[in-house]
Amino acid sequence: MAVKFSEEVLKEYEEIASHYPDRKATLLPALWLAQREFGYISEETMEYIAELVGVPYTRVYEVVEFYTMYQKKKPGKYHLQLCQTLSCYLVGAEEIRNYIEEKLNLKPGEVTPDGLFSFQLVECLGSCHTAPVVQINDDYYENLNVEKFDQIIKELKNKG
Amino acid sequence: MEQKMIKIKINDKEYQVPEGINIVEACDAYKIPLERFCYHRYLPVDGNCRTCMVEIETPRGRMLTIGCNTKVQEGMVIYTNSENAVRAQKASLEFLLLDHPLDCPICDKAGECYLQDNYYNFGRYDYRRIVPRYFKGGKAVDAGDHIVLDQERCILCTRCIRFLDNIPGTSELGIVHRGHVSKITTFPNKPIRNNYSGNITDICPVGALTLKEFRFKQRVWFLKKTPSVCTECARGCSIYIEHNRGKIWRFMPRENPKLNRAWICDKGRFSFKKNHENRVLEPIKDNQNIDFNHATIEIETILQNYSWNEIAWLCGPYSSNETLYILKTYYGDNVFAYIPPAKGHKDDLLMLAEEYPNEQGIRFFGINTDIKSLINKINNKQIKALFILENNFAKFNEAKELVDALKMLEKTVYFTSFQDETAKQVSLIIPIRTFAETNGTYINATSLLQKAEQAFEPENQDIVSLPLALAQIVYYLNKTQKRYSDPSEIFNEYKNQFPELKDYSFSNIPSMGIQLSLPKIADEPFKNKKVDFNVFMWNDYVSVTR
Amino acid sequence: MDFPLILTKRFNIQNNHRLEVALQHGAYSSLKKLFSMKPEEVVEEVKKSNIKGRGGAAFPTGVKWAFIPKDTKKPIYLCVNADESEPGTFTDRYVMEYDPHLLIEGIICSAYAIKSHVAYIYIRGEYVKQYKILNEALNEARQAGYIGKNILGSGFDLEVWIHRGAGAYICGEETGLIESIEGKKGQPRIKPPFPAVEGLFGCPTIVNNVKTIAQVPWIVENGGEAFAKIGTKESTGTNIFGVSGHVNNPGYWELPFGMHILEFLEKYAKGVKGGKLKALIPGGSSTPVLTAKECEDLYLTYESMRDHGTFLGTGGMIVMNEHTDMVKALRTLTRFYSEESCGQCTPCREGTSWLDRLLKRILAGEATTKELDLLIEISDNMEGRTICALAAACAMPVRSFVTKFRADFEKYVKPVSIPVSKVAEKIITHEPVA
């Protein structure tokens, strides 16, 4: 089954391409569109994007592996990204990490068997004054402690 | 080429260099040691290895900087051996070697590896990594038809990526991930496949990219290098024949800024195998091996039984200038040349469709290329004996009429190195030396004359060199009193026909060749390519490509 | 202290990200004056204001703008650096979230000054909420005629586009940002050529931080001299200072330069939490750390920080109390830098990883005092030898932590050396600090 964008998404892509004088510069926006549409970036997606944008295949591969936010395998429905840098470490991010690893039985890079949660350790999320911080999909959850985080996870599990 | 020369100071001595070159080139020109990994004269500057550190004087004091991205200016004061510069050079090497696997005993690159060479001059000699080694993985990955990739040895200098981006333009290699875990790799299931893939193994400073054809075959320090010319097409790229004990182990490109820069195509590079395949090592008559004495008698018989105008000589654009000169000067009217159709792959870089090295020689010496008249003469029985001189025309369908005409001849003799299609059609085969086994000169499609030196003696030392054999024949027939012991003597005689050659003899033909003013029969190489190299020609200086 | 709020004046207004609300409170008011000036005059005012780049490097903005070749025929680009990834820094996001129209106004003023007609805002991929708000604001501004052709009838054209990053700290570096917009990995370029001469798509480019650009409208409206009167002689104007870590009230406040640091911590951050002050990182993790003693005569200015051997950087402070284990704290930083290193040049790529592994060895109790000296020597070998400043940004904290808090490190080292581990191992980047 060949991977490709639908008509509307192609229109969206072409509109973005009009912002740049060089079509090659649309590689990062195109990959964001692909991640939004397909959930993650597979090898076939990379080949399709390479042909759409007009860059060699290897360039797309390099870019996908360089940036940490592009998912190379299917993430869980809720992708937990925990900050592990200094400000968050100083106020207890390690406890949240222990909670995820023990209560959810989830190591970095893994997905829970029910496909609900996946876990990625990331660097400074830019919210140091409300540390510890976890980014779940697109949203920041700030001022966390283990109880609050437990509550959030319960709510997400209920939503399913 | 007129260059503006300026004065600079390196390590407190004054030197004159052309304006606009970078510090690494200036140091190379005067043999001042300076290590480098990512800089290559014919590739865009990347400046990522940080090993060519030098100190330059600025109004704000001494500044440490890399040499490859710094262009020289009038009065610049440079130090490569100051304390800071030496410390920086040693530190960079230490960083590079931190996790480099100790593969020297099994690595093909040993002997020509930059890490080994630079460490000898610039190393710390004080091991202190202390922490566990990072095991990157990825040994001996099959990366293409000819390439073996070792991701662990790679020092991420990006020379191969810059080459594949700029020259063939196929961009198969890239560096994935970032930081310490970055690796060189191809896109999954898309191997390196282009006509110039072998060059990345030359430019790789370490043993990360190696050739399958050379893997584990020879140690580099046993190889002798003989400068020569590739004979696979009319481009005639400069090469080194690297050989040991009479066997060629590989061809390497020889740097020639006027012609092939530092590159050769894969077809030429892997044609070294031909030198040892399908060779004719002894004369063959009617499918029986005979010895050289008998063969000589056979030829003498033919020369006696037929008058001179009943014998024709068919040569081709595969022969060196020495052969063609002897033919033109002493052999009279019945000399013909069959130029095969140009069917090879042609591109904008080096490869040409004409798959023979010396068509210009045929044109210059004015050898008759009208094959139809030869065929007519054979069919009319005007020509009864034909000597075919290293021209395998039977391979080509276009030469069918000529192949058929062979049946009308009474005697056919073939001077060749190989058991090929034409050899099946003739009665007497005389083995001759390949271009690697004898001296010779060739004129390429853009009228550059280059010499191909003899690398070694053939397996059977009695095998003749074709120009010498032809000279021997006319001496035997009393058409000349001249005798030659080596084709280089023939060069020293024919060179007087070219005004450009009058100051040279065979031994001092420059390694970059001599440009003749013959009309060109092909475009210059690297047409339409943006020139990115940092080469400045002055004093005809040629450095070792690194 | 009586000072104007330049960046945060509309932060507390509800729905200020809406154009109609922002206009009621003075958004885009500088444009009338702007278009009556010549571009060179705007650059002069910015030079007179002596505003320094708020992104961390503190390069005088007016001088940077003047680097563009006067006679260039190529299009000039303006890039706004909203890739805020420096640990401890978190104030650009609020400018974009609470007052996007101030940023857009700043972009119009800056682009007009440098004669640019296309501007790109490079926002980090994680800031999704801010991206959506900024995008909406841009659309509103475009519809109302503040962006596009012939802005407010002045004859000046400008287009502004947002380019999302995807999770790389190195894309906050000037040329790394340019490479990322061009669709490649964000690996910085060697300089020369400098971006002001040959940058984005080969054309002259100016890259400035969000807060720097957002202060330009005030300078246009009130003049560079008025700006220079705020703060101190070398550190002019105001900045948003943020505090995180062991304080009772972490947050951010806009203040003029010049306040005493301990006064600032008491008055705004309400003091150190959980114990006495032990260490303070002044401006994002790339700046050398300061001991409590050194903070006694330290002011929030570029020159005072410089005299103490550190940098003000982005102004995002991290406070550590007396119970902090400095070795573990340093380990989070070296892990950060070795993850974020782009991998292009040798000293940074190998050096950051070597430092990280050495700290791991120290934490495991297998190191000697010789290795503490080795940490310093590696840091010396990394600084100043690389294409960009990430290696220096890693070397400076390591050197300052080890020299100033040596006692903490010496708790971990043994007098007798344990032999070098002979076993090669895979790098595990996600294992815990302890």
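Chain identifiers are assigned alphabetically (A, B, ...) following the order of the sequence lines, protein sequences preceding nucleic acid strands; residue numbering begins at 1 within each chain.
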What part of C/Leu333 lies closer than 4.5 angstrom to a heavy atom of chain A: side chain, backbone, both or neither?
side chain
Heavy-atom pair with the smallest gap, counting every atom of C/Ser85 and A/Cys124
O-CB, 3.9 Å
Looking only at heavy atoms, what is the nearest atom pair of A/Cys128 and C/Phe90, with distance?
CB-CD2, 3.7 Å
Side-chain heavy-atom pair A/Leu86, C/Ile281 within 4.5 angstrom cut-off
yes
Structural part of C/Cys171 lying under 4.5 Å from a heavy atom of chain A:
side chain
Sub-3.5 Å donor-acceptor pair from the side chain of C/Arg164 to the main-chain atoms of A/Trp32, do we have one?
no
Do the side chains of A/Leu28 and C/Ser180 get nearer than 4.5 Å, heavy atoms only?
yes
Among the options C/Arg93, C/Lys129, C/Glu182, pick out the one with the most heavy-atom pairs lying under 4.5 Å from chain A.
C/Arg93
Applying side chain to side chain contact (heavy atoms under 4.5 Å, CB included), run through A/Tyr140 and C/Glu126 and close with a yes or a no.
CA-CA 9 Å; A/Tyr140 276 26; C/Glu126 290 87 341; 3.5 Å; yes
Inspect the surroundings of NZ in A/Lys148 and state if more than 12 heavy atoms from other residues, nucleotides or ligands are less than 6.0 Å away.
yes
Top residue by heavy-atom pair count (under 4.5 Å) with chain A, among C/Ala166, C/Gly183, C/Pro250, C/Gly167?
C/Ala166
For C/Thr91, which atoms come within 4.5 Å of any heavy atom of chain A: side chain, backbone, both, or neither?
neither
Describe, in one word, how the ring planes of C/Tyr252 and A/His129 are oriented to each other, choosing from parallel (under 30°), tilted (30 to 60°) and perpendicular (over 60°).
perpendicular
Between C/Val319 and chain A, with a heavy-atom cut-off of 4.5 Å, which part of the residue counts as in contact: side chain, backbone, both or neither?
backbone
Check each atom of C/Glu340 against the heavy atoms of chain A and say whether the ones under 4.5 Å are side chain, backbone, both or neither.
side chain
Non-hydrogen atoms of chain A under 4.5 Å away: do they reach the side chain of C/Tyr169, the backbone, both or neither?
neither
Can you tell me if A/Glu37 has over 12 outside heavy atoms packed within less than 6.0 Å of its CD?
yes
C/Phe336 versus chain A, the contacting section by heavy-atom distance below 4.5 Å
both
At a heavy-atom separation under 4.5 Å, does C/Tyr337 approach chain A through its side chain, its backbone, both, or neither?
neither
Measuring heavy-atom distances to chain A, does C/Leu200 have an atom under 4.5 Å in its side chain, in its backbone, in both, or in neither?
neither
Ranking C/Pro75, C/Gly316, C/Gly186, C/Ser285 by heavy-atom pairs under 4.5 Å to chain A gives rank one to C/Gly186
Listed by residue number, which members of residues 14-25 of chain A have a heavy atom under 4.5 Å from any heavy atom of chain C?
A/His19, A/Tyr20, A/Pro21, A/Asp22, A/Lys24, A/Ala25
With only heavy atoms counted, which part of C/Thr324 is less than 4.5 Å from chain A, the side chain, the backbone, both or neither?
side chain
If you tally heavy-atom pairs under 4.5 Å against chain A, which of C/His163, C/Met320, C/Lys184 wins?
C/His163
Pair A/Thr85, C/Arg335: side-chain N/O donor-acceptor within cut-off below 3.5 Å:
no
Tell me, out of C/Glu84, C/Lys185, C/Glu159, C/Glu86, who's got the most heavy-atom pairs with chain A below 4.5 Å.
C/Lys185
Please round to the nearest 0.5 Å and tell me the distance separating atom NE2 of C/His246 and atom OG of A/Ser87.
9.5 Å
Max heavy-atom pair count under 4.5 Å with chain A, selected residue of C/Gly242, C/Gly88, C/Ala269:
C/Gly88
Would C/Thr332 and A/Gln84 count as a side chain to side chain contact (heavy atoms under 4.5 Å, CB included) here? Give the steps.
CA-CA 7 Å; C/Thr332 59; A/Gln84 53 172 350; over 6 Å; no
Distance col, row C/Arg124:CZ vs A/Leu125:CG, nearest 0.5 angstrom, shows 6.0 Å
A/Lys72 NZ: over 12 foreign heavy atoms closer than 6.0 Å:
yes
Which bit of C/Tyr77 is near chain A, if near means a heavy-atom gap under 4.5 Å: side chain, backbone, both or neither?
side chain
Taking only heavy atoms into account, what residues of residues 51-70 of chain A are found under 4.5 Å from chain C?
A/Glu62, A/Val63, A/Phe66, A/Tyr67, A/Thr68, A/Met69, A/Tyr70
